[in-house]
Participant: 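Handing you a structure now.
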Amino acid sequence: MPAENAAIANKTHPAAWTYDNIDSMRRELKRLGFSYDWDREIATCKPEYYKWEQWLFLKMYEKGMAYRKEALVNWCDSCQTVLANEQVEADLCWRCGEPVRQKKLWQWFFRITDFAEDLLVYCDKLAGWPEKVIAMQKNWIGKSLGTFIKFPIENMDEHIPVFTTRPDTVFGATFMCLAPEHPLVKKLSTGTSHEENIDNFIERISRQDRSSRALDNYEKEGVFTGAFCINPLSGKKMPVYTANFALMEYGTGAVMSVPAHDQRDFEFAKKYDLDIIVVVKPPDEDLDVSSMTEAFTGEGVMVNSGDFDGANSKKAIDDISSFIEEKDLGKRTVNFRLRDWGISRQRYWGAPIPMVHCNECGIVPVKENDLPVILPEDVDLLEGGKSPLSELDYYARVKCPKCGSPDARRETDTMDTFVESSWYFERYCSPDCSDRIFDKDAVDYWMPVDQYIGGVEHAILHLLYSRYYTRVLNALGLVQYREPFTRLLTQGMVCKETFTCPEHGFIFPEEVNDKGAQPVCEKCDNNIIVGRVEKMSKSKKNVIDPNTLLEIYGADTTRLFCLFAAPPERDLEWSEQGVEGGYRFLKRVWRISFITVDLIMDAVPFNGGVDEIEGEFLDLYRKTHYTIKKVTNDIQDRFHFNTAISAVMELVNRIYAIDNLSDKLKKNIINAGVMKFTLESAALMLSPIVPHFAEELWESLGHEESILLSPWPSYREEVLVQDDILLVVQVNGKLRSRFNISRNTGEAAIKETALSDERVQKFIGGKPVKKVIIVKNKLVNIVV
RNA sequence: GCCUGGGUGGCGGAAUAGGUAGACGCAAGGGACUUAAAAUCCCUCGGUCAUUAUGGCUGUGCGAGUUCAAUUCUCGCCCCAGGCACCA
């Protein structure tokens, strides 16, 4: 659907649009020097891929994991299609931002709710995932423990089932609210004097769009149906209302209203003058209904609740639930917010759903041998995104796979784009496998993904769907694991300040003339307003074209800046000057190497004992080993490339700090060896970050083989061990002095040296020393 | 309202296991080189009070606490970002 919308906007065919994009993306990624294994490249819009998606759909259909039902679904008028709940953000379409309305349609669904509990339980086992994403998923699944209770309807052999998380307040339920769409609403009001009122209300509410229904200040209103139900615990007669705040899609679509203990119910009761009964009171005070201004939702002591009076309300939840179960009035249940995944899209550009509608046989799956059902590509798109498929006779008209009737029709809805992305990583393991969905051995070898990377915007879209799909594959015996991604890193977005011109609105950075004191618009010379730093977006024009950047600085500087500016999970604030700084660093490395390369060409990278080296070069040698240790750790374990880069910067600064470097290298072959070791290590450490640069540097140092074939540098712990240690002295926790001391000096000697220090003495000022804390090889704290 | 993060110089950010706060870079200021400019190299750079010193005081959103020692741990509060939200 995203590709199709873009293709329509650009007056081209989605296929052409998609393949063009893949081509330019591949080019850009290669140009930036990404080391992807291009032999495994797949395109999910090709029949070789979606054939297996359709195959999987058939398997899911067989097992009842995929089904069709008529339901109220999210419909986007602008995109002309249904959206899954996950694809509606604040009641707007995730793709085009237009409002979404509810529409009743027959649709295909995946039974993701069957795995709700499992998806939730495993959230806590995803140790390598950011907490933020876990929290969002848990929230989305929305498990709540409660009780399901039947409220008998007066003078009728029927009851209203409700779901509540607060069974302790049942005695305080004084009225009932049904969702306007609830089937009982019509049933109770039909033929009564309330019918017209109710019908008008339902009609009015259904016309209101969801976004206004979700507003904070949206007024709670309802209409009496004329019927009463009986509170099964208190025996009280409760009027049955239909109310706009009751949601058909949550729980049972009916709310047992307890105005004393639920704010929403409280407001409703006040408005319609309904009874309020307090059944839980705070431990240290009494509640008076007439003076209450809001509901009491806290924990407390039970009152007005028959045998349960005096108990703690939290305990009463359990006791009342048990009582209800014993009397067969209801039972404990678990309710989830998560609903089944609607995957039908009334759009053209997607994998066809391999199903046939036959007048005789009903819904019939396409035979496995007849897969793939190929999406015809020689079609013209219709205005406004409406799918041409249902009007393509040669596609839509089909023989029934079961009875052979020639009048059957193909399912012309296509699958949600997120179905494609829910299993591509398995396909990567054996991209050319043609007789099966994937090669089992290859999947066993590679999967699950050790480290997955993606944006947070997929926290509950792609990442939840993929976790679900993995469970489906697992249930079908196709894979042995349940979780697709062991570790997850959600990278930040690239952000930049916006520029607004009073005349031209948002303008591109290259349209800003910043030569004067005040930046002005190139086109009209008006002063420019510099807006806040926001995610780069075409609409706000705060973008940098990567190609321009590659032209000016090349791939390495671009990579270096991106990795240096912030740790990867954080948003990156784009800075032209920062890029310039990265460029400067590379030139600095190149220059020092260029100056010294002839002097060290014949030297062997030093690898001997530290006692052979002297002075600054010993220091440099140690620093190199230390840097290797830090960089290795930063890159491998922490993914903190920014600190890895800064460590190499420090190392390079250390070289620059040596006076008369050339002379010292000329005079002493050991010094030259140290220098060579340092430069080679620097090249190797920089190679993942600036691969092209590192390769050049490597060659200039006399290597004929690619740097990629050289092993990662290793450090020796014994080189790091220094005999002379800098010891910091604190008096009462404040830094007062420091001195060098031999590594293994005994505590007594350290104490003596510290106490005899002139500056330390000054701050002790003759006061008695209470305590001396010595942290080995680090500091001394003297408490006076 | 609820759930997650997060508040450190002019700015991006360091401080990995409670132990020298501000690494590294950007910007700024000063100097060297140059006829000049660019490029490059060197120095300064949290605040404040001092200018004999390896200086004093203060400082990681605010307020308390634990500790010899807190950016780091605990409690309360404020602010920012993201997510969820008539969810019964």
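The sequence lines fix the lettering, A, B, ..., with proteins before strands; numbering per chain opens at 1. Heavy atoms only: backbone and side chains are in, while hydrogens, waters and symmetry mates are out.
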Participant: Apply side chain to side chain donor-acceptor pair (under 3.5 Å) to residues A:Thr147 and A:Ser321 and explain how you reach the verdict.
Facilitator: CA-CA 7 Å; A:Thr147 306; A:Ser321 297; 3.0 Å; yes
Participant: Determine the interatomic distance between P on B:rU72 and the same-named atom on B:rU66; round to the nearest Å.
Facilitator: 15 Å
Participant: Answer yes or no: does a side-chain N or O of A:Arg759 lie under 4.0 Å from OP1 or OP2 of B:rG55?
Facilitator: no
Participant: Can A:Glu221 and A:Tyr272 be counted as having a side-chain donor-acceptor contact under 3.5 angstrom?
Facilitator: no
Participant: Should A:Arg638 be listed as having a side-chain N or O under 4.0 Å from OP1 or OP2 of B:rA15?
Facilitator: yes
Participant: Reading RNA chain B from 5' onward, which residue's closest nucleotide shows up sooner: A:Ser144 or A:Ser575?
Facilitator: A:Ser575
Participant: Which of the following nucleotides, B:rG25, B:rG13, B:rC26, is nearest to the side chain of A:Gln577?
Facilitator: B:rC26
Participant: Do A:Val579 and A:Thr557 touch side chain to side chain, with heavy atoms closer than 4.5 Å?
Facilitator: yes
Participant: Using atom C1' in both nucleotides, what's the gap between B:rG76 and B:rG83 to the nearest angstrom?
Facilitator: 25 Å
Participant: Where does B:rG9 land, syn or anti, once you apply the within-90°-of-0 test for syn?
Facilitator: syn
Participant: Could you give the distance separating B:rG9 and B:rG46 at their P atoms, to the nearest angstrom?
Facilitator: 12 Å
Participant: Heavy-atom count check: over 12 atoms from other residues, nucleotides or ligands less than 6.0 Å from A:Phe594 CZ?
Facilitator: no
Participant: Are more than 12 heavy atoms from other residues, nucleotides or ligands located less than 6.0 Å from atom NZ of A:Lys150?
Facilitator: yes
Participant: Looking only at side-chain atoms of A:Tyr250, point me to the closest of B:rA15, B:rC87, B:rU20.
Facilitator: B:rC87
Participant: Touch check for A:Lys734, heavy atoms < 4.0 angstrom, all strands: base, sugar-phosphate only, or nothing?
Facilitator: sugar-phosphate
Participant: Could you tell me whether the phosphate oxygens of B:rU40, OP1 or OP2, come under 4.0 Å of any side-chain nitrogen or oxygen in A:Lys587?
Facilitator: yes
Participant: Are there over 12 heavy-atom neighbours, none belonging to A:Glu752, within less than 6.0 Å of that residue's CD?
Facilitator: no
Participant: Only pairs at least two apart or in different chains count here, so list each salt bridge (charged side-chain N to carboxylate O under 4.0 Å, His left out) that has a residue in residues 624-646 of chain A.
Facilitator: A:Lys629-A:Glu717, A:Lys630-A:Asp634, A:Asp634-A:Arg638
Participant: So does A:Arg588 get a side-chain nitrogen or oxygen closer than 4.0 Å to the phosphate oxygens (OP1/OP2) of B:rC41?
Facilitator: yes
Participant: Answer yes or no: does a side-chain N or O of A:Arg736 lie under 4.0 Å from OP1 or OP2 of B:rC57?
Facilitator: yes
Participant: Hey, could you give me each pair passing side chain to side chain donor-acceptor pair (under 3.5 Å) that has a residue in residues 758-784 of chain A? Not counting sequence neighbours.
Facilitator: none
Participant: In terms of ring plane angle, is the pair A:Phe268 and A:Phe175 parallel, tilted or perpendicular, where the classes change at 30° and 60°?
Facilitator: parallel
Participant: For B:rA15, measure the glycosidic angle (O4'-C1'-N9-C4 for a purine, O4'-C1'-N1-C2 for a pyrimidine) and name it syn if it falls within 90° of 0, otherwise anti.
Facilitator: anti
Participant: Do any side-chain nitrogens or oxygens of A:Arg570 fall under 4.0 Å of OP1 or OP2 in B:rG13?
Facilitator: yes
Participant: I want to verify a distance call: between B:rA88, B:rG13, B:rU20, whose nearest atom is closest to the A:Pro567 side chain?
Facilitator: B:rG13
Participant: I want to confirm an ordering. Mapping A:Phe763 and A:Lys630 to their closest nucleotides on RNA chain B, which one lands closer to the 5' end?
Facilitator: A:Lys630
Participant: With respect to the phosphate group of B:rC87, does any side-chain polar atom (N or O) of A:Arg264 fall under 4.0 Å of OP1 or OP2?
Facilitator: yes
Participant: With the side chain of A:Ala565 defined as its heavy atoms from C-beta on, choose the nearest nucleotide among B:rC24, B:rA88, B:rG12.
Facilitator: B:rG12
Participant: If the cut-off is 4.0 Å, is A:Arg337 near the phosphate of B:rA88, judged by side-chain N/O to OP1 or OP2?
Facilitator: no
Participant: Can you figure out which of B:rU4, B:rG19, B:rA14 approaches the side chain of A:Leu779 most closely?
Facilitator: B:rG19
Participant: Between B:rC42, B:rU40, B:rC24, spot the one nearest the side chain of A:Tyr656, thanks.
Facilitator: B:rC42
Participant: Side chain of A:Asp634 only, please: which of B:rA14, B:rG12, B:rU16 is the nearest?
Facilitator: B:rU16
Participant: Strictly by modelled atom types, are A:Ser681 and A:Thr624 linked by a side-chain donor-acceptor pair under 3.5 Å?
Facilitator: no
Participant: So for atom NZ, which belongs to A:Lys535, do other residues, nucleotides or ligands contribute more than 12 heavy atoms lying within a distance under 6.0 Å?
Facilitator: no
Participant: Kindly state which residues belonging to residues 163-170 of chain A come within less than 4.0 angstrom of RNA chain B, counting heavy atoms of the residue only, listed by number.
Facilitator: A:Phe163, A:Thr164, A:Thr165
Participant: For A:Val255, answer base if it contacts any base atom (sugar-phosphate contacts may also be present), sugar-phosphate if it contacts only those atoms, and nothing otherwise; contact means non-hydrogen atoms under 4.0 Å.
Facilitator: base
Participant: Just to confirm, is there a sub-4.0 Å distance from OP1 or OP2 of B:rC87 to any side-chain nitrogen or oxygen of A:Arg339?
Facilitator: no
Participant: Heavy atoms under 4.0 Å is the rule here; annotate nucleotides 45-52 of chain B 5' to 3' with B where the base is hit, S where only the sugar-phosphate is, and - elsewhere.
Facilitator: --------
Participant: When all nucleic acid strands are considered with a 4.0 Å heavy-atom cut-off, which category describes A:Arg584: base, sugar-phosphate, or nothing?
Facilitator: sugar-phosphate
Participant: Quick one: which of B:rG13, B:rC24, B:rC87 gets closest to the side chain of A:Ala566?
Facilitator: B:rG13
Participant: Can you list, by residue number, the residues of residues 133-143 of chain A that have a non-hydrogen atom closer than 4.0 angstrom to RNA chain B?
Facilitator: A:Met136, A:Asn139
Participant: Assess the side chains of A:Glu497 and A:Asn542: does a donor N or O sit below 3.5 Å from an acceptor N or O?
Facilitator: no
Participant: Counting heavy atoms from C-beta on, name the nucleotide in B:rC24, B:rC57, B:rG19 closest to the side chain of A:Gln730.
Facilitator: B:rG19
Participant: Side chain of A:Asn653 only, please: which of B:rC42, B:rC24, B:rG19 is the nearest?
Facilitator: B:rC24
Participant: Does the side chain of A:Lys776 get closer than 4.0 angstrom to OP1 or OP2 of B:rG19 through an N or O atom?
Facilitator: no
Participant: Is the A:Phe418 to A:Trp94 ring centre distance short of 6.0 Å?
Facilitator: yes
Participant: Report yes or no: is there a donor-acceptor pair, N or O only, under 3.5 Å between the side chain of A:Asn633 and the base of B:rU16?
Facilitator: yes
Participant: Which atom names give the shortest non-hydrogen contact between A:Pro259 and A:Ala295, and what distance separates them?
Facilitator: O-CB, 3.8 Å
Participant: May I ask you to say what A:Asn781 touches in the nucleic acid, namely base, sugar-phosphate or nothing, with a heavy-atom cut-off under 4.0 Å?
Facilitator: base
Participant: What pattern of brackets, bars and dots sums up RNA chain B from 5' to 3', given Watson-Crick or G-U wobble pairs under 3.5 Å, [ ] for crossing pairs and | for another strand?
Facilitator: (((((((..(((......[....))).(((((.......))))).((((.....))))..(((((..]....))))))))))))....
Participant: Any luck finding a side-chain donor-acceptor pair between A:Thr558 and A:Tyr583 under 3.5 Å?
Facilitator: no
Participant: Is atom OH of A:Tyr626 surrounded by more than 12 heavy atoms (other residues, nucleotides or ligands) closer than 6.0 Å?
Facilitator: no
Participant: Just to confirm, is there a sub-4.0 Å distance from OP1 or OP2 of B:rG5 to any side-chain nitrogen or oxygen of A:Lys132?
Facilitator: no
Participant: Please determine, by modelled atom types, if A:Gln87 and A:Arg95 share a side-chain donor-acceptor pair under 3.5 angstrom.
Facilitator: no
